[in-house]
Amino acid sequence: HNGDLIHNMDLRVLVERHVASGDIATLAGVFRPGQNTLCSDTRGKLSGIHGYQGFQATDQNTRLTFSGIAVYSQTFLEFARPGVEDIKYLWTRALVAGKTIGVADCSADAWFDFGTPQGLWDAAKFAMEDAGNFRYNYNAAAGEKPYVSNEAGKVDLPEGLRNVLIYEQPPQGIPSDIRDSIVGKDFLWRINA
């Protein structure tokens, strides 16, 4: 489970599916056009990685993005070698050895990779929606969802902010015209709200 994720996948169901399948691994996949590289066959088994060693497009039925969440059997470690390796090498070695790797389509679940500013914004917006809390120490009109998260705590916020995450108080204060941004002490990241 990668550390830069927020999701509502039921990991118990993923583990149960893995145990019942007999596969050497089960990968949680999500549909993200433009990033979908996990190719599975009609049985939901990994047939290859698009654009990667020896991939045959004819083996493809479905394409998903690896979510960073997987369940591995202990025997999967037989395919690891000393040193740092891309996990795709291990998957490919297992496939070449005749092992099966399941791909669970978890596209119906919420999933966000917050390893980028845009991913962080999308995850924070999901968390605000999920909690029903759209503001922290911020006045908004009734029914309005300004998506303002004041993680800096005691910072007084100017009126009119929209789609802003504030992690630290910038030295110059927070201007009232900031929109669609993540703000910190030494940074201001623009996002596509």
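- Taking both residues in full, the closest heavy atoms of R179 and L161 are given as NH1-CA, 4.1 Å, listed atom of the first, atom of the second, then distance.
- Counting only residues at least two apart or on different chains, the side chain to side chain donor-acceptor pair (under 3.5 Å) pairs with a member in residues 184-193 are S181-R190.
- Atom NZ of K99 sits about 6.0 Å away from atom OG1 of T75, to the nearest 0.5 Å.
- Between H1 and H7, the angle of the ring planes lies from 30° to 60°, which puts this pair in the tilted group.
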side-chain contact (heavy atoms from CB on, under 4.5 Å) evaluation trace for V103 with L64: CA-CA 9 Å; V103 178; L64 297 170; 3.9 Å; yes
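- A salt bridge links E85 with R93: at least one charged nitrogen is closer than 4.0 Å to a carboxylate oxygen.
- Atom CD of E16 is separated from atom OG1 of T26 by 12.0 Å, given to the nearest 0.5 angstrom.
- Residue R63 holds its CZ atom at 11.0 Å from OG of S40, rounded to the nearest 0.5 Å.
- With values rounded to the nearest 0.5 angstrom, H18 atom NE2 is found 10.5 Å from I101 atom CD1.
- Between F66 and W91, a ring centre-to-centre spacing shorter than 6.0 Å is recorded.
- If you check the side chains of S47 and D41, you find no donor sitting under 3.5 Å from an acceptor.
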Would T37 and T65 count as a side-chain contact (heavy atoms from CB on, under 4.5 Å) here? Give the steps. CA-CA 6 Å; T37 57; T65 298; 6.0 Å; no
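- Partners of V15 according to the side-chain contact (heavy atoms from CB on, under 4.5 Å) rule, which considers only residues two or more places apart in sequence or in another chain, are V19, V71.
- Note: L165 CG to N163 CG = 9.0 Å, rounded to the nearest 0.5 Å.
- Here L188 contributes atom CG and I182 contributes atom CD1; the two are 9.5 Å apart, rounded to the nearest 0.5 Å.
- With F126 as the fixed residue, the ring-ring contact (aromatic ring centres under 6.0 Å, His included) test singles out one of F112, W121, W111: F112.
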